[in-house]
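To keep things clear, I will list the structure first and then write my remarks on it.
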Amino acid sequence: MIYLDHAATTFPKPKEVVEAVSECLSVWGGNPGRGSHRLSLEAAERIYAAREEAAAFFDCPDPLRVVFTPGATYSINLALKGLLNYGDHLLCSNLEHNAVLRPLERLRKEGRITYGVFCAYDPDRPLSAEEICKNIEQKIKRNTRMVICTHASNICSATLPIEAIGSLCRKRGILFCVDAAQSAGRIPLSVTRMKIDALCLPGHKGLLGPAGCGALILGKGILPKPLVEGGSGYRSLLPDMPVELPERCEAGTLPVPAIAGLCAGLEVVKRIGVEAIEKKETELTEALKARLVQVPGLKLYAPEQKGGVLLFSSDQRPATEIGEELNARGFCVRTGFHCAALAHKTLRTPQGGAVRVSPGYGNTIEEISSLADAIEEILHA
Ligand code: PLP
């Protein structure tokens, strides 16, 4: 198989990640904070080292502000439900994933919040960072408490000007929450410089870890209410969750093997370099784009955007059929709506959705070339 679905999850994982998970499972993986023995203490030390690694990677000065979660979706839910109050108003972009939109919809339907959508991407003309910020400013209300947005779209290579939006939010006293599911490990990110109050991360995509853990990195003084209550291995006599981070937001046993894998993944990304990963993935999608623009009846979405994700449809065959044909030829891509109905509406994809190709650092130009050959064959068979 030629795996070109790295926006869904990166695969295969580096051998360092596999070894770290295996070592945790067989050598040192006690339950951190739930034992007075060596294996529990070693696990606690390793978890703290993973917090330090993640904090340094995302330029957060305090490792205790790294909350481990089951993934980006959980982190987003924790940030929204833990930081918002009744009557708050929020803004999100027109490229959001359901991981943002569905919790927002639920909170709205329960009468707890209202929200508006700002234009971060216009298929008819490129928007500058200033224009995007202006679009946000125009929608800010008296009770706007948070801006939440994706850093990089999961269906095309559009990215949002996070640093400019962060400055705007700080100036206006509004919380800034970033869904970095597609950018973490692929685009440089700094919680401090970008003035991010809540950074939501999955471990299993660009950070090369296993599925099962992610993180929420919080800005100084940001203290969400817990989403789930339970044991934290800390201050056990208290009836309530501890006030301190990260224990306040980490009820129950942590996914220790996945965190061990995530820590190893972060080290691999650091060694290769985020910029080198971004460059390679962009070269691969640009090479594919150069071939696909020549295919009659094939439409590329957001073709002017450069990055690691390419979306297309064809007026000859529905996306699902193209995906099935590609699968039969050994190519892994994703088709349909990619959990992002609003982003598809923004890009004006057809009924039935589109085909997403998302190469990873390990893919080659030859693989992209054979994918392009296969697409040409499928659409003109
Ligand atoms: N946000 C975006 C932009 C995504 O692409 C995804 C997953 O594809 C998520 C959030 C949710 O990530 P997870 O399923 O790992 O929780």
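Whatever order the structure lists ligands and atoms in, that order sets their numbers, starting from 1. Throughout, residue positions are numbered sequentially from 1 according to the sequence presented.
Among all non-hydrogen protein atoms, the one lying nearest atom 8 (O) of ligand 1 is K205 NZ, 2.5 Å. Regarding atom 5 (O) of ligand 1, its nearest protein heavy-atom neighbour is Q182 NE2, 2.8 Å. Summary of contacts: the protein heavy atom closest to atom 4 (C) of ligand 1 is H97 CD2, 3.3 Å. Taking atom 3 (C) of ligand 1 as the reference point, the nearest protein heavy-atom neighbour is D179 OD2, 3.5 Å. Regarding atom 14 (O) of ligand 1, its nearest protein heavy-atom neighbour is T73 OG1, 3.7 Å.
In this structure, H338 has no heavy atom closer than 4.0 Å to ligand 1. In this structure, H204 counts as a contact residue of ligand 1, since one of its heavy atoms falls inside 4.0 Å of the ligand.
At a cut-off of 3.5 Å, with distance as the only test, no side-chain donor of N31 or S40 sits close to an acceptor on the other residue. Donor-acceptor pairing under 3.5 Å is recorded for the side chains of S93 and E96. Judged by distance alone, the side chains of Q305 and Y121 never bring a donor and an acceptor atom under 3.5 Å apart. For T69 and S75, the side-chain atoms include at least one donor-acceptor pair closer than 3.5 Å.
The side chain of P202, and not its backbone, has at least one atom closer than 4.0 Å to an atom of ligand 1 (non-hydrogen atoms only; side chain from C-beta on).
Using a 30° and 60° split on the angle between ring planes, H338 and H344 fall in the parallel class, below 30°.
Figure legend: K139 and F118 shown without cation-pi pairing, the cationic atom not lying both under 6.0 angstrom from the six-membered ring centre and within 45 degrees of its axis.
Atoms of ligand 1 lying under 4.0 Å from at least one heavy atom of A99, given by number and element, are 10 (C). Residue A72 has at least one heavy-atom neighbour below 4.0 Å for each of these atoms of ligand 1: 12 (O), 16 (O).
Considering V117, V100, L342, L347 as possible partners of L95, the one that fulfils the side-chain contact (heavy atoms from CB on, under 4.5 Å) test is L347.
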